[in-house]
Student: 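Here it is: the structure, laid out below.
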Amino acid sequence: MKPVNSLTYETLITCSPFFYSQILGGWVGKQNLLQHVVLNEMPKEKDSLVIIPLSEDSILLVESHLRDNNCSGMVLIACPSYDIPSAITDIANDIQKPLLHLENFSEEEVYKRMKEVFFLYENNLLSMMKNDLTTYWLQLFHEKGLERVVDQFNQFLGHDISLFTENKKPVPLFPNKYSEKDLVSIDWNEQGSTEKRLTAVHNKETFLVCYPISDSNQQHFAYLLYENSCSQTPSTSLLVESIAPTMISWLKQMELIRHVHSKYKDQFLFDILHNNIDSERELMELGLLRGMEFTPNAFALSMNINSHRTIPIDIIKNIQRIMLESRLSEDIIYTTYLNHRIVAIVCPSMQTEHNKSDYNRWIEDVRNQIKYQYPDIDTMIGIGRSYYSNLAIYQSFQESKIALQMEVYGLGSDGIIFYEDIGYVRLLSYIHNDLLKDFSKQYIGNLIDHDREYGTDLVQTLSTYCAQNGDIARCAESLYIHQNTLRQRLKKIEHILNIELHQYTSLVNLILSLKIAQEMNID
C-alpha cells in the first residue's frame, strides 16, 4: 500500500463506518498520522492503525498492541454486550493514542473499508463520503434526539460546540461554554461567504470559529461556535458542514413547535398563574418552545377595567399592546385576559434594576394612555410581590388579586395598590362577609344606632380621628370644629362604646370595624 502522509484520525472519523464508532479514549491524540492498517496482528510499520476483533484471548493483546511504537491507534470490534475493561481506556489516555470501538461490523468489512478510505484520500475523493456523514447525523437525530447528536459531535470535535441565535442569544439545550455577556462586544470579521471568525472578549487567547446555519431561504438562522485550535484542519470544516443539515432540521422543527405552541400561550400563562407547572426546568423548557424567556424576581400584575359599556376584545388587546410597548427598558412582559381582567407577568431585566417608583411611573403612563384613548374606562391595578423562583408567580398573582380587593377599603387612590403596602387590611379578604358584619356591629354598632336615632355624626368623627392617627389638632381642623368640641365628642364616643380610645387594642378593633362598615355599607 502506498504510504499516505497526512491522513489523521480526525479525518478518519468523518468516514463510514468510523463515525459509528464510540471514542473510548486517547482522543487528545486524534491528530496522530495514519499510513498503514493491520488486522489482528502486531504492526511492523510506523503510524499503523490496528484493527482487533475482541475475544477473551485477544483482549490480553490489546495493551501490548497499544504500547507498540508502530501503533498510532486502534479500532476494537466487539458486540454491544462485550464489556471493555476500563484499564484499556486508561492506557489509551495515558499514551494519547485514539481507541475506537465499533459494534455490529465484521473485522474484514472494517479492514476493507479502511483500504478504500486510503484510496479515496490519495485521489482527493474523500469528500464523496460527506453525504454518508450528513445522513448519519440526521439518522442519529431522529433516533436519539439532539442531545445525543451534540454529545457525539463534541467527542469528534474534541471540545464543545455552542449554538447561538442570530441575535447572539445562546440556545439553552446546548452545553454552551460562552454566554450572551461574553459575546456582546465581539467584532465580527467576514472570512469569505460561509465562515466568520471572532475573538471571545473574556479570553484574549481563545479564538472561535463561527459557522452560520441557515437553509436555502436564509431562514432559521443561527451560529455554531467552536474553538479554533492549532489542530484546525479541512476535516474539521467537513465535520461542521456535515452537521449543518441536522441543525437546520432541528431549528425548523423547533420553529414549527413554537408556532403550534404560540397558539396555546394563554393556556401556558394560565398554567403558570394557577400553579400547574411541576418544576422550574419544565417552565423554562415550555417557555422556550413558545419563544418566552423568564427571569428571576418576576411578579404578577392584575388590572381591572371598568366601564358603563361592554368592552370589546379589540380594545382589550389594544390595552395589552399599550402595556407591552410602554414597558420599562428591557423588562419582559407577558399579558393575558383572565376572568374579566388583564393579567401581566413582569420579568425584570437582568441588566437594569428598577424600584417601586419606576414601576409607578410606568403604570401611570399606561393608565394615562388608556384614559386618553378610552375616556369611559377606569382602571385599577394590583401588584403582587416578586419572587426569585418563577414557580412562585402564581402566588404573586393571588396577591395582585387581593390587592385589587383592597380598593373598597379606601386604598389605591392613585390607581395602583402594591400587596406589600396594604398591611393588616389584606387579612379581611380571607374572612366571610357574615363574620365581618358581625365583627363590625359588635364594636361600632351602638355608635351607628346613636347617629341614626339622634342625628349625630359620631361615626364620621371617629373615622376622622383614626385617619389622623389620633392627632387632636389635625382631626379638629379636618372636621372644622374646635379642639375642645372634638374632645367632648370623643368622650361621648367612649361612653357609648364603653371603651377607652387611648388603648391600643380598642383602636385596632375600631379601625377594622370602620373599614368593614364603609365597605359593606353597614348602617
Side-chain angles (χ1 to χ4, degrees), residues 7-32 34 37-40 48-56 58-63 65-67 71-114 116-117 129-130 132-161 174-175 226 231 233 235-236 238-240 242-243 246:
L7 181 60
T8 67
Y9 283 84
E10 186 182 47
T11 303
L12 177 66
I13 209 74
T14 65
C15 305
S16 176
F18 299 99
F19 45 67
Y20 288 100
S21 63
Q22 178 185 359
I23 298 174
L24 298 180
W27 196 239
V28 290
K30 61 187 175 183
Q31 287 299 314
N32 292 16
L34 274 168
V37 57
V38 295
L39 174 60
N40 204 20
S48 293
L49 168 69
V50 180
I51 301 173
I52 292 184
L54 283 184
S55 65
E56 294 300 325
S58 64
I59 192 67
L60 301 175
L61 301 175
V62 172
E63 180 178 351
H65 282 67
L66 266 177
R67 293 188 182 280
C71 173
S72 63
M74 296 185 69
V75 175
L76 306 181
I77 310 294
C79 63
S81 60
Y82 194 95
D83 187 18
I84 299 174
S86 59
I88 300 295
T89 302
D90 294 338
I91 294 171
N93 286 327
D94 288 340
I95 60 180
Q96 296 188 357
K97 292 183 180 180
L99 183 64
L100 310 179
H101 174 209
L102 271 175
E103 301 173 352
N104 303 319
F105 288 95
S106 68
E107 59 270 28
E108 289 83 5
E109 181 182 4
V110 175
Y111 182 69
K112 179 182 177 182
R113 188 59 167 169
M114 188 66 239
E116 291 177 357
V117 169
M129 293 187 171
K130 176 182 176 182
D132 290 341
L133 184 58
T134 300
T135 303
Y136 165 73
W137 295 124
L138 287 168
Q139 179 182 352
L140 190 63
F141 168 60
H142 290 298
E143 291 180 357
K144 304 291 185 179
L146 184 70
E147 289 187 13
R148 181 69 183 90
V149 170
V150 173
D151 180 65
Q152 183 80 341
F153 187 82
N154 287 342
Q155 276 197 300
F156 285 5
L157 201 60
H159 45 254
D160 291 348
I161 57 167
F174 282 72
Y226 59 95
S231 62
T233 65
S235 59
T236 306
L238 175 64
L239 265 177
V240 177
S242 69
I243 203 173
T246 301

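Sequential numbering from 1 along the given sequence is applied to the chain's residues.
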Student: Strictly distance-based, threshold 3.5 Å: is any side-chain N or O of N154 a donor or acceptor partner for the main-chain N or O of V150?
Tutor: yes
Student: Would you check if the side chain of Y9 reaches a backbone N or O of P98 as a donor-acceptor pair within less than 3.5 Å?
Tutor: no
Student: So, taking the atom named SG in C71 and the one named CD1 in I52, what distance separates them when rounded to the nearest 0.5 Å?
Tutor: 8.0 Å
Student: Which atom names give the shortest non-hydrogen contact between I23 and F156, and what distance separates them?
Tutor: CD1-CD1, 3.8 Å
Student: May I have the step-by-step check of side-chain contact (heavy atoms from CB on, under 4.5 Å) for L49 and L12, ending in yes or no?
Tutor: CA-CA 11 Å; L49 168 69; L12 177 66; 4.2 Å; yes
Student: Testing the 3.5 Å rule here: is there a donor-acceptor pair between the side chains of T89 and S86?
Tutor: no
Student: For E109, what residues pass the salt bridge (Lys or Arg N to Asp or Glu O under 4.0 Å) criterion, not counting sequence neighbours?
Tutor: none
Student: Kindly indicate, with the supporting measurements, whether the criterion side-chain contact (heavy atoms from CB on, under 4.5 Å) is fulfilled by W27 and I13.
Tutor: CA-CA 11 Å; W27 196 239; I13 209 74; 4.2 Å; yes
Student: Return the CG to OH distance between L140 and Y20, rounded to the nearest 0.5 Å.
Tutor: 9.5 Å
Student: Which atom pair, heavy atoms only, marks the closest approach of I59 to P85?
Tutor: CD1-CD, 3.9 Å
Student: Roughly how far, to the nearest 0.5 Å, is CG of N40 from CD1 of I51?
Tutor: 10.0 Å
Student: Looking at every non-hydrogen atom in both residues, tell me the closest pair between R113 and P17 and how far apart they are.
Tutor: CG-CD, 3.3 Å
Student: Please confirm whether the backbone N or O of S48 pairs with a side-chain atom of S72, one donor and one acceptor, at under 3.5 Å?
Tutor: yes
Student: To the nearest 0.5 Å, what is the distance between CG (L100) and CG (L76)?
Tutor: 8.0 Å
Student: Run L54 and V62 through side-chain contact (heavy atoms from CB on, under 4.5 Å) and show every step you take.
Tutor: CA-CA 9 Å; L54 283 184; V62 172; 3.8 Å; yes
Student: Distance from L7 atom CG to M114 atom CE, nearest 0.5 Å?
Tutor: 5.5 Å
Student: Can you name the residues that form a side-chain hydrogen bond (donor to acceptor under 3.5 Å, both in side chains) with Q152, not counting sequence neighbours?
Tutor: Y136, R148
Student: Nearest 0.5 Å, please: how far is CD1 in I77 from OG in S21?
Tutor: 9.5 Å
Student: Just to verify, what does T246 make a side chain to side chain contact (heavy atoms under 4.5 Å, CB included) with, not counting sequence neighbours?
Tutor: W137, L138, F141, V149, I243
Student: Search all heavy atoms of G25 against all heavy atoms of N93 and return the closest pair with its distance.
Tutor: CA-OD1, 3.3 Å
Student: Apply side-chain contact (heavy atoms from CB on, under 4.5 Å) to residues I84 and L99 and explain how you reach the verdict.
Tutor: CA-CA 11 Å; I84 299 174; L99 183 64; 5.7 Å; no
Student: Which atoms form the tightest heavy-atom contact between K97 and L66, and what is the distance?
Tutor: NZ-O, 2.8 Å
